[in-house]
There are 4 protein chains.
Amino acid sequence: MIKVDTSSFVPIYEQIKKEFKKEIFRGDLKPNDPLPSIRDLATELLINPNTVARAYRDLEMEGFIYTKKGKGCYVADDSTRFMAEERKSILMISIDEAIEEAKKFGLSPEEIKRLFEERLGASLKGIDKGE
Amino acid sequence: MIKVDTSSFVPIYEQIKKEFKKEIFRGDLKPNDPLPSIRDLATELLINPNTVARAYRDLEMEGFIYTKKGKGCYVADDSTRFMAEERKSILMISIDEAIEEAKKFGLSPEEIKRLFEERLGASLKGIDKGE
Amino acid sequence: MIKVDTSSFVPIYEQIKKEFKKEIFRGDLKPNDPLPSIRDLATELLINPNTVARAYRDLEMEGFIYTKKGKGCYVADDSTRFMAEERKSILMISIDEAIEEAKKFGLSPEEIKRLFEERLGASLKGIDKGE
Amino acid sequence: MIKVDTSSFVPIYEQIKKEFKKEIFRGDLKPNDPLPSIRDLATELLINPNTVARAYRDLEMEGFIYTKKGKGCYVADDSTRFMAEERKSILMISIDEAIEEAKKFGLSPEEIKRLFEERLGASLKGIDKGE
DNA sequence: GTGGTCTAGACCACC
DNA sequence: GTGGTCTAGACCACA
């Protein structure tokens with residue numbers, strides 16, 4: 001389910017954090033649900049367990065998950081406390097960035113809108129292909 | 001004109017490279033136009049000259065600019081050779097990322113579209129505010 | 001194994017690049033073989049790690065090696081793709097330069113040939129001396 | 001007559017120095033012959049007069065030329081004093097470098113010799129083409 | 001431990 | 001003044 005892009009400039013642990021925040025917000029992960037074990041996730045993503053551990057540690061510090069020593073990590077009861085603003089900021093930032101890029105390349109608002117809708121359409125078709 | 005975000009995960013030199021590629025594509029920088037001197041730009045951006053030099057060196061290796069020793073750096077004659085695909089890839093990537101984020105947060109295509117148009121509107125008003 | 005001449009006009013990082021290209025071409029370095037670590041090679045050559053890093057970064061941009069973050073640098077699978085022409089150009093250039101020098105000093109083709117063979121003989125004896 | 005390669009790592013003033021040493025050795029420039037004026041040569045080579053001045057200054061310090069203030073630069077009477085060893089070292093160095101390159105690329109002595117003769121032949125034909 | 005980025009500051013070739 | 005190379009050493013992400 002979770003994917004990471006090792007060629008991205010964004011650190012892998014940040015990508016992992018973001019993925020879990022999304023799953024929690026969507027409700028795919030509910031309070032007290034267990035997260036995959038550090039070793040399993042590291043194996044699945046072909047990365048070092050330390051990197052997953054770093055992501056989990058951050059998520060715990062931010063209050064999204066809690067850790068039972070010797071058992072594993074679980075979604076916190078109040079995990080959705082900050083989710084609305086988290087969601088908003090993550091979405092706003094990425095959309096605003098895309099708009100900024102397009103403006104800096106000299107595209108008009110109409111062109112930007114058309115391009116976005118084109119990509120949105122392509123993305124929806126992508127779903128059918130099982131992505 | 002150019003801005004960099006030192007808190008971003010994207011390296012400063014990559015941000016500088018992208019900015020100049022946009023200016024060249026828009027035509028704000030034409031073939032044989034001089035780029036700001038390394039020291040001047042470093043002073044303006046409050047960063048180290050080596051960081052600007054790294055960006056300029058990369059741009060030269062990628063064929064966008066050329067260097068006259070002791071004189072300065074200039075936009076290459078064939079600087080727009082790869083610009084179409086560069087522009088496309090940069091725009092596609094940022095737009096697709098925004099769409100991916102929204103989908104992963106569980107938004108429907110209609111919600112994504114509405115949110116995008118809302119941000120696009122906000123961005124256009126931003127221009128009036130003198131950004 | 002690798003040597004650099006810090007008094008040469010040729011930048012150290014260029015000398016390092018050339019050495020690795022030769023090793024790859026000769027087959028002493030095969031695809032997926034690891035290169036020496038940046039710090040180790042810098043220590044061995046008595047130069048700054050940044051200088052080695054510059055050479056490795058260039059080799060990566062030119063497609064001869066690839067980098068695994070936190071692991072090291074490795075010879076690329078298609079590292080020999082451009083090697084034939086690289087080798088040819090490097091060899092042609094140095095031989096042609098030697099011939100040009102000799103001609104400009106007024107030597108006849110016969111004298112040039114004799115001098116070259118004399119040096120080649122001296123070089124072969126040099127091997128026996130354990131160079 | 002004189003050529004410089006601005007893309008070479010060898011400084012332009014070093015290339016100019018070497019060219020004049022060759023001309024003196026060949027006898028194309030004899031004691032008390034005038035050198036081209038700094039401005040003329042700079043114009044001809046499309047470089048900055050300071051660069052030519054640097055080359056002339058070095059040649060004077062090394063005893064190959066002398067300067068008459070307000071008149072120009074002239075070949076020194078004892079200009080050939082060091083020429084034999086200069087010539088030898090310049091030729092040895094470039095030939096030995098070419099041989100070293102070839103050896104490092106894994107060529108056998110026979111291959112090196114054949115390649116050298118091939119290039120020497122090509123070079124002689126080049127003369128006919130008016131190079 | 002690895003490589004990547006960035007800083008601060010030196011020296012050099014060239015304009 | 002310009003850019004290019006190199007050094008010394010910092011911090012970070014990753015294994």
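Each chain gets a letter, A, B and so on, in the order its sequence line appears, and its residues count up from 1.
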Separation of [N] [atom2] from [X] [atom1] (nearest whole Å):
X       : N      : atom1 : atom2 : answer
A:Asp58 : F:dC14 : CG    : P     : 11 Å
C:Ile65 : E:dT2  : CD1   : P     : 15 Å
B:Gln15 : E:dG4  : CD    : C1'   : 15 Å
C:Ile38 : E:dT5  : CD1   : C1'   : 12 Å
A:Ile16 : F:dA13 : CD1   : C1'   : 12 Å
A:Asp5  : F:dA13 : CG    : C1'   : 15 Å
A:Lys17 : F:dA13 : NZ    : C1'   : 13 Å
A:Glu14 : F:dA13 : CD    : C1'   : 11 Å

Inspect the surroundings of [atom1] in [X] and state if more than 12 heavy atoms from other residues, nucleotides or ligands are less than 6.0 Å away.
X        : atom1 : result
B:Lys17  : NZ    : yes
A:Arg39  : CZ    : no
D:Lys104 : NZ    : yes

D:Glu101 and its salt bridge (Lys or Arg N to Asp or Glu O under 4.0 Å) partner, picked from C:Arg87, C:Arg26, C:Lys22, C:Lys88
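One option only clears the test, and that one is C:Lys22.
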Original post:
Which one, E:dG3, E:dT7, E:dC15, comes nearest to the side chain of B:Ile47?
Top reply: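 The answer is E:dT7, which lies nearest to the side chain.
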Starting the side chain at C-beta, find the nucleotide from F:dG3, E:dG4, F:dT7 nearest to C:Asn48.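 Selected nucleotide (nearest to the side chain): F:dT7.
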Parsed dot-bracket for DNA chain E after applying the Watson-Crick and G-U rules with both distances under 3.5 Å and | for other-strand partners is ||||||||||||||.
Practice problem: Output yes when A:Glu19 and A:Lys3 qualify as a salt bridge under the 4.0 Å nitrogen-oxygen rule, no when they do not. | Solution: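 A:Lys3 and A:Glu19: not salt-bridged.
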Exercise. Side-chain donor-acceptor pair under 3.5 Å between D:Glu60 and D:Thr67, yes or no?
Worked result: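 Distance-only check passes for D:Glu60 and D:Thr67.
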Quick one: on DNA chain F, does B:Cys73 or A:Pro49 contact a more 5' nucleotide (nearest heavy atom)?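 On the 5' side of the pair lies B:Cys73.
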Distances for protein N/O vs nucleotides 10-13 of chain E N/O pairs under 3.5 angstrom?
unit_1	atom_1	unit_2	atom_2	d
E:dA13	OP1	D:Tyr13	OH	2.9

| Start at the 5' end of DNA chain E and walk down; is the nucleotide closest to B:Thr51 or to D:Thr51 reached first? |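 Taking each residue's closest nucleotide, the earlier one in sequence belongs to B:Thr51.
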> How long is the gap from CD on A:Glu100 to CZ on A:Phe105, to the nearest 0.5 Å?
Replying inline: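 Answer rounded to 0.5 Å: 12.5 Å.
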Under the side-chain contact (heavy atoms from CB on, under 4.5 Å) test, residues paired with C:Phe9 that sit two or more places apart: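 Here the qualifying residues are D:Val10, D:Pro11, D:Glu14.
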query: Got a donor-acceptor contact below 3.5 angstrom from the D:Asp40 side chain to the D:Ser37 backbone?
result: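 Checked: no pair found.
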